[in-house]
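Single-structure report; data block below.
Order of the sequence lines fixes the chain letters, A, B, ..., with proteins taken first and strands second; residue numbering starts at 1 for each chain. Predicted, not measured: the structure shown is a model, and the values here were computed from it.
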There are 2 protein chains.
Amino acid sequence: MVSAKQRRHQQVLEILQETGTATVGEMGTRLGVTEMTIRRDLELLEADGVLKRFHGGAKLDFGSSYEPPFPVREKTNAEQKRLIGQRVASLIDDGDTIILDGGSTGLAVAEYLLDRQLTICPLSLRVAWAFARSTSVKLIIPGGSVRPGELSLSGADTIDYLRGRHFDTYVMTASGLSLNEGFTEWNPEDAAVKKTAVSVADKTITAVDSSKFNRVGFVKICPTQVPAAIVTDGGATSENLEKLRRQSQGVIVAE
Amino acid sequence: MVSAKQRRHQQVLEILQETGTATVGEMGTRLGVTEMTIRRDLELLEADGVLKRFHGGAKLDFGSSYEPPFPVREKTNAEQKRLIGQRVASLIDDGDTIILDGGSTGLAVAEYLLDRQLTICPLSLRVAWAFARSTSVKLIIPGGSVRPGELSLSGADTIDYLRGRHFDTYVMTASGLSLNEGFTEWNPEDAAVKKTAVSVADKTITAVDSSKFNRVGFVKICPTQVPAAIVTDGGATSENLEKLRRQSQGVIVAE
DNA sequence: GTAATATGAACAGCATTAGTGTTCGATTAA
DNA sequence: TTAATCGAACACTAATGCTGTTCATATTAC
């Protein structure tokens, strides 16, 4: 069950996503609570690193990156990501050795792999932690630096680690999916790791929710033809899906 | 503040540590609560993997290892470990590069390093996760397998990772500290990593609460002379402390 | 510098949750 | 079978969490 507070927090983020900024009074009126309540919400959300307050209101905090911070992404399209995670998990065979990407979508996949018999190499500390309580998954961690906020593992150590091994499947996520540019990522370090992961895995399965469609990040990871399967949700236009099908090995809509 | 429930859980564990097993009625009487309350406690503690219930009572669950599982150790000597953690943190200079051991004592040290300006290489996923929310610590993870339950990082990958680097300080913990055998560890894999860590750090600081005194694990890590400092709590006998002082570089009693 | 506005600490009231005890039918061990 | 133990369900109480109000302080706009 979600508390009224959690729901309100999400609504605050939605309001901020409309226009980028909003005043305390405006949010209070729209959500039917006093300004003091909004201030307390903003205080918590700011501590989460999700937004920045200013005198009179708040604005979303993209920081130095080009996409919203993890807590925002996790709250966005949560249900679609859950469905995608479930579907991706169904494509994985017991006993396999898996590289699993970070990000909110990767975490959604992880939830459905907890009780499976697998060897998993997560590319994010957050995903690694999700498997900590699993007794059936054998967890191996690649060395590397942990990127603040995102908690992804990257750098030369991570790449070296992957290069020295071979995996059955790489479950990839991405910042953007465009018909022309393929899969792209904002963070260059993460992109370098992803490229390596593609090259050391037998097959790549890509999990992207529909909000990623027609978005292009800073660094290319791979073209749409590379993944053995692209799993997405029903939010994409049928035109986009049709075109994507023609230039990829297979598109699966999770629902 | 500790809730009455937490305190009672600890007392339940203490009772079990006396004799190994106890009946529900016995525990209820000694702690001044009804049997139903004890049953509910046991249910939770069993879910934590701390004990095993049987009809009429419960017994401590050491599983296949030679020391109690993490949740038990974390609840044992908690206050002493906190003090030790604080004291160890005071020995570390800003800007340093640190290897930080896992275990409940390592976690206690971590709590006091969260806001420091450091580069930290944790040897356990649990400790790594503790630093995830820190903005001031630069976190680097050694590759390796995660040992279930303990969540320590070990194996050839971890050792290779450490060998390729150099650190200012290694904050070491251990299963046992004996005057004759030095520092010892039950788990051979962890011990191998610890030995490597000692060799790649300028200096080693050892954090062991007094319950470790005169206990000998399966594998030797290093003699008492090696660490630049041994930090412990006031629970050790003055005789032990005196002897230890004579055969080590320095003993610090945290209080 | 002043007025208007925004902020947050402190308190109070309310709602919700957590913790414990009691009862009683179901389950287990001897 | 019998006696003991177990746990689901309910009730009561304490504790905690959440929201609104007030008011002194801080900030911004003029």
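Counting non-hydrogen atoms of other residues, nucleotides and ligands closer than 6.0 Å to CD of B:Glu111 gives a total above 12. Under a cut-off of 6.0 angstrom, the local environment of CG in A:Asp115 is sparse, with at most 12 non-hydrogen atoms contributed by other residues, nucleotides or ligands.
Summarising the geometry, the separation between CD on A:Gln6 and P on C:dT16 is reported as 15 Å, rounded to the nearest angstrom. Atom P of nucleotide C:dT17 and atom NZ of B:Lys5 are separated by 15 Å, given to the nearest angstrom. Protein atom CG of A:Leu42 is 9 Å distant from nucleotide atom P of C:dT7, rounded to whole Å. B:Glu43 has its CD atom 7 Å from the P atom of D:dA8, to the nearest Å.
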| request: List the steps and the verdict of side-chain hydrogen bond (donor to acceptor under 3.5 Å, both in side chains) for B:Tyr112 and B:Arg82. | output: CA-CA 9 Å; B:Tyr112 287 94; B:Arg82 201 185 60 73; 2.6 Å; yes
| request: Any chance you could lay out the side-chain hydrogen bond (donor to acceptor under 3.5 Å, both in side chains) test for A:Arg40 and A:Thr37, step after step, and finish with the verdict? | output: CA-CA 5 Å; A:Arg40 282 187 275 239; A:Thr37 299; 4.5 Å; no
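For the pair B:Val24/B:Arg39, a side-chain contact is recorded, criterion being any heavy-atom separation below 4.5 Å from C-beta on. In this structure the side chain of B:Asp101 reaches within 4.5 angstrom of the side chain of B:Tyr170, judged on heavy atoms.
Contacts with DNA chain D (heavy atom under 4.0 Å) in residues 13-38 of chain B: B:Val24, B:Met36, listed by number. Near DNA chain D, meaning a heavy atom under 4.0 Å from it, residues 49-57 of chain B has B:Arg53, B:Phe54, B:His55, B:Gly56, B:Gly57 in order of number.
You won't find any donor-acceptor pair under 3.5 Å spanning the side chain of A:Arg40 and the base of D:dG17, going by distance alone.
The line from CG of B:Leu139 to CG of B:Leu118 is 11.5 Å long, rounded to the nearest 0.5 Å.
Considering only side-chain N and O atoms, B:Arg39 lies under 4.0 angstrom from the phosphate OP1 or OP2 of D:dC6.
None of B:Val193, B:Asp190, B:Ile141 except one satisfies the side chain to side chain contact (heavy atoms under 4.5 Å, CB included) rule with B:Leu153; the exception is B:Ile141.
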